[in-house]
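Heads up: the structure comes next, in structure tokens.
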Amino acid sequence: MPADADVPPVNPLTVLLLVLLGQATAERDAYRDWITQDPTPPSDDPLRARAADAASNLARRDSP
């Protein structure tokens, strides 16, 4: 293309649509990664804490 040729201006709407398409693609990929990841096993720490509280409550009730 010659240097003095008229280059049509870039339509801002075209740029905006390309940006939104890129964003939608990135969000789709992130969602797919999130859905297909291996689930983390549940932690038993809260259960242990509740059991310890229950045991201490029983010990307080049984003490003279």
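From a predicted model like this one, the values you see are computed outputs, not experimental measurements.
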Inset, instruction - Evaluate whether atom CZ of Arg28 has more than 12 neighbouring non-hydrogen atoms of other residues, nucleotides or ligands under 6.0 angstrom away. - result: yes
Inset, instruction - Find the distance between CD (Glu27) and CG (Leu20) and round it off to the nearest 0.5 Å. - result: 9.5 Å
Legend entry - Member of Leu13, Leu21, Thr14 meeting the side chain to side chain contact (heavy atoms under 4.5 Å, CB included) criterion with Leu17: Leu13
